[in-house]
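Written out below as structure tokens is the structure these notes cover.
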Amino acid sequence: MSDVPFTLRDARESDLAYLNAYAAAEGMDDLPSAENVRVAVNEDDVPVGFLRLQQGSNGAAHVNPVVSCATWRGWGVGRALMEEALASHGELRLVARAASVPFYRALGFGELSWDAIAPEIAVDCDGCELRGECCPLPMGKKMR
Ligand SMILES: CC(C)(COP(=O)(O)OP(=O)(O)OC[C@H]1O[C@@H](n2cnc3c(N)ncnc32)[C@H](O)[C@@H]1OP(=O)(O)O)[C@@H](O)C(=O)NCCC(=O)NCCS
């Protein structure tokens, strides 16, 4: 929604406490660094969401992950981060949790085969004890 005040910028090391708290709330690991991370910030420059891009060994840019702060969901933060990343890279791939598949479908992402996902990213799901509950789905989108 365009009337909600947030802007996008590169993440800084000083943002990581916020970003890692948002990740932890979703059962995700800490970010390795602020590198290749874009953040959505509110009017006080406080992060309200982030997207980390990981360049896969297969040459494809993977979203790993995108997270909006729980109190900011539904206000276009996730869409803005994803659309910017897609415009920058031309194609995005990712492994979606079942719960986030409707979000990706709303953005026009479609299902891919596991072969399309870089092995070092796909392997995260292989050993995961939550795989049955999470039902991970490879998805992607190319710019038209
Ligand atoms: C998935 C997530 C990033 C979406 O972020 P968000 O900021 O709420 O998304 P937006 O407000 O930009 O929504 C974009 C579109 O997706 C739709 N959408 C978002 N979540 C949805 C859901 N659960 N079901 C159906 N549609 C959904 C919105 O309605 C919106 O559609 P529109 O633009 O056509 O109106 C957020 O819910 C989140 O952080 N979830 C937890 C972390 C996670 O699972 N990340 C993905 C890892 S694979």
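Read the numbers this way: they start at 1 and go in the same order the structure lists the ligands and their atoms. Counting from 1, the numbers follow the sequence of the chain as shown.
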Kindly print each ligand 1 N/O atom paired with any protein N/O atom under 3.5 angstrom away, one pair per line, or none if nothing qualifies.
| unit_1 | atom_1 | unit_2 | atom_2 | d |
| --- | --- | --- | --- | --- |
| ligand 1 | 5 (O) | S68 | OG | 3.2 |
| ligand 1 | 7 (O) | S68 | OG | 2.7 |
| ligand 1 | 7 (O) | G78 | N | 2.9 |
| ligand 1 | 8 (O) | G74 | N | 2.8 |
| ligand 1 | 11 (O) | G74 | N | 3.3 |
| ligand 1 | 11 (O) | W75 | N | 3.2 |
| ligand 1 | 11 (O) | G76 | N | 2.9 |
| ligand 1 | 12 (O) | G78 | N | 3.3 |
| ligand 1 | 12 (O) | R79 | N | 2.7 |
| ligand 1 | 33 (O) | R79 | NE | 2.8 |
| ligand 1 | 33 (O) | R79 | NH2 | 3.0 |
| ligand 1 | 34 (O) | R79 | NH2 | 3.1 |
| ligand 1 | 39 (O) | S68 | N | 2.8 |
| ligand 1 | 39 (O) | S68 | O | 3.4 |
| ligand 1 | 39 (O) | R73 | NE | 3.4 |
| ligand 1 | 39 (O) | R73 | NH2 | 3.4 |
| ligand 1 | 45 (N) | V66 | O | 2.9 |

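Here the side chains of Y104 and V66 are in contact, with some heavy-atom distance below 4.5 Å. Side-chain contact between W75 and S68 is absent, with no heavy-atom pair separated by less than 4.5 Å.
Sorted by first and then second residue, the pairs that involve residues 21-33 and meet side-chain hydrogen bond (donor to acceptor under 3.5 Å, both in side chains), not counting sequence neighbours, are E26-R73. A side-chain hydrogen bond (donor to acceptor under 3.5 Å, both in side chains) check over residues 123-136, counting only residues at least two apart or in different chains, returns the pairs D126-R131.
Across every non-hydrogen atom of V63 and P65, the tightest pair is CG1-C, 3.9 Å.
Annotation: salt bridge (charged side-chain N to carboxylate O under 4.0 Å, His left out) contacts of E35 (sequence neighbours excluded): none.
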